[in-house]
Amino acid sequence: MDRYVINGGHRLYGEVCVSGAKNAVVAILPATVLIKGRCVIENVPDIRDVKFLTNILSHMGASIERLDASTLSVDCTDVNVYDISDFEGIGDMRASYYLIGALLGRFNRARVGMPGGCDFGQRPIDQHIKGFERLGATVSVCDDVVSAEAKCLRGASIYMDKISVGATINVMLAAVRAEGQTVIENAAKEPHVVDVANFLNSMGADIRGAGTDVIKIKGVCDLTGGSYAIIPDQIEAGTYMVAAAAAGGRITVRNVIPKHLDSISAKLREAGVEIEEDDECVTVTRLGPLRSVNVKTLPYPGFPTDMQPQITTLLSVADGDSVVTESIFDFRFRYVEELRVMGAQLSVDGNVCRICGVGGLTGARIRSYDLRAGAAMLIAGLMADGRTEVEDRAYISRGYENIVDKLRSLGADITMQTVDGVY
Ligand code: EPZ
């Protein structure tokens, strides 16, 4: 268990540099299984999910070398296992499901434990399975293990009944070496979907249309190695933008793609926050009162569900009433209870959270329920009066590189206590 201790009330000033995108790298690392050759991957964030996936790949026979703080060399030429169902911890993260598509695409076979991940209620994988079956695989789920097998994978047209980031990427992984053309319709358009497609194309794949709702994949025989740089993390950038809006002050968030932040910038501007955009950075200034705003999470380019806990926390101290609607997941407001402990006034009815803005929050002992709610609890501590302790079952370190250093560099009074000591 990690414990973050924050003494709130300090405005944030200065600059913070965003790391590589977690939700891109957790797909790109499994995608290296498709490639017989050395992949040099740059801008890799130093987060727990990366450590976990590189451990799995090593156990599978991959050669992995850290070339510098954010560059990995991964060579899966000698990977020779398709059954990783007994690997410890597969069920701890959501992105382990990408190993199904990658192993199926490499070996026409895969046996992988069911994915886990943050608990937002039901998180089925029926669209992943539908895609694999349309490509010619036989898929079964038994005792929490997904088994997929195909004599050979043939391109097909696949309509996604639900817009799914994971299913879109997973079907891409299985289809890149299938015979013929695959068309994914109603595809997810998130920046990390595009990043995975660009990575695969840089290794010899033939994927067109990523970033639109129709992706066409022409199967190729083999993928070779190469070099690739992960895009900046849209959600990490958004989290620091909201942190500055919440605590007040003026910060510049560097190494971003402003276009990816459009919906976040738009909502912050509506709330009275000043956002200035340059080519690769945004500057966030908030010195006056916050205005109430209504937000609805949607697939990209809509407002990201992974920013929902952070914006709800911010709006808890805005002037007036706000409504936040969560349209992606069934149950992503569990953290609201913790904000109430700090004095926030919010009510949740199904997937709608109604917020009555209060003058401020009071520090308390709270807990984080998942990665993004955990980051939101840190934001609550930054803007609260007094001391806040956030009990965190190591969710935050799964997706935020050096968050304590980065917040401290902006003027936050934050420490992290782990079993190894106080940092
Ligand atoms: C990815 O999860 C992200 N995780 C999530 O980020 C993110 O919240 C989510 O996409 C939405 O953007 C990773 O990329 C590792 P989905 P994923 O499939 O792929 C339903 C974070 O904090 N659905 O796009 O699991 C599903 O239940 C994490 O970084 C099906 O019904 O999300 C949900 O309601 C949290 N059947 C909706 O679709 C399926 O087969 C969108 O889920 C698949 C999904």
Side-chain angles (χ1 to χ4, degrees), residues 19-31 45 47-50 52-53 90 92-101 114-134 139 141 146 158-174 184 186-196 213 230-231 233-239 260 263-264 297-310 325-332 334-335 350-351 368-376 395-401 403:
S19 306
K22 168 185 90 80
N23 288 344
V25 73
V26 296
I28 285 172
L29 285 173
I47 55 178
R48 271 174 10 99
D49 277 5
V50 166
F52 178 77
L53 284 168
I90 286 273
D92 290 343
M93 68 185 290
R94 184 84 184 151
S96 50
Y97 55 28
Y98 290 133
L99 289 162
I100 307 168
M114 276 293 279
C118 298
D119 179 6
F120 310 135
Q122 285 299 314
R123 295 184 76 178
I125 62 166
D126 57 304
Q127 298 302 303
H128 300 242
I129 292 171
K130 172 182 177 178
F132 298 148
E133 288 176 339
R134 291 283 298 151
V139 186
V141 181
V146 180
I158 301 159
Y159 177 81
M160 293 294 178
D161 301 312
K162 189 134 187 189
I163 296 176
S164 162
V165 166
T168 300
I169 292 175
N170 228 348
V171 170
M172 257 195 319
L173 298 181
I184 304 173
N186 203 24
K189 300 184 273 193
E190 274 68 8
H192 30 287
V193 173
V194 178
D195 210 31
V196 176
D213 51 16
I230 307 274
I231 55 168
D233 193 311
Q234 167 203 35
I235 304 302
E236 185 193 11
T239 301
H260 292 168
S263 61
I264 301 164
T297 66
L298 289 167
Y300 190 80
F303 190 89
T305 177
D306 291 345
M307 285 297 301
Q308 180 258 86
Q310 300 92 313
T325 304
E326 171 57 56
S327 73
I328 307 293
F329 290 107
D330 302 334
F331 184 55
R332 198 169 188 171
R334 192 187 298 178
Y335 64 89
N351 68 340
S368 69
Y369 284 104
D370 59 64
L371 165 59
R372 305 304 176 183
Y395 292 117
I396 297 171
S397 56
R398 281 189 47 208
Y400 289 94
E401 181 183 62
I403 192 165

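Counting starts at 1 for both ligands and their atoms, in listed order. Values below: all heavy atoms of this structure, side chains included; hydrogens, waters and symmetry mates excluded.
For atom 32 (O) of ligand 1, the nearest non-hydrogen atom of the protein is Phe329 CZ, 4.0 Å. Nearest protein heavy-atom neighbour of atom 3 (C) of ligand 1: Asn23 ND2, 3.8 Å.
Heavy atoms from both the backbone and the side chain of Asp126 come within less than 4.0 Å of ligand 1. When heavy-atom distances to ligand 1 are checked against a 4.0 Å cut-off, Ile328 comes that close through both its backbone and its side chain. Of the heavy atoms in Gln127, both backbone and side-chain atoms come closer than 4.0 Å to ligand 1. Heavy atoms of Arg332 found under 4.0 angstrom from ligand 1 belong exclusively to the side chain. By the criterion of a heavy-atom distance under 4.0 Å, the side chain of Tyr97, and not its backbone, is placed next to ligand 1. At a heavy-atom cutoff of 4.0 Å, ligand 1 is contacted by the side chain of Lys22 but not by its backbone. Using a 4.0 Å cut-off between heavy atoms, Val165 contacts ligand 1 through both its backbone and its side chain. Of the heavy atoms in Ala167, none comes closer than 4.0 Å to ligand 1.
Glu326 places no side-chain N or O within donor-acceptor distance of the main-chain N or O of Arg332, the cut-off being under 3.5 Å. A donor-acceptor pair under 3.5 Å is formed between the side chain of Glu236 and the backbone N or O of Ser19.
Between Arg372 and the choices Tyr395, Tyr400, Tyr335, the side chain to side chain donor-acceptor pair (under 3.5 Å) rule is met once, by Tyr400.
Residue Arg372 approaches ligand 1 through these ligand atoms, each under 4.0 Å from one of its heavy atoms: 21 (C), 22 (O), 29 (O).
Contact annotation: Gly399 has no heavy atom less than 4.0 Å from any atom of ligand 1.
Between Asp370 and Arg398, none of the side-chain N atoms (NZ, or NE/NH1/NH2) sits under 4.0 Å from a carboxylate O, so this pair counts as no salt bridge.
Taking the side chain as every heavy atom from C-beta outward, Pro301 and Ser263 never approach each other to under 4.5 Å.
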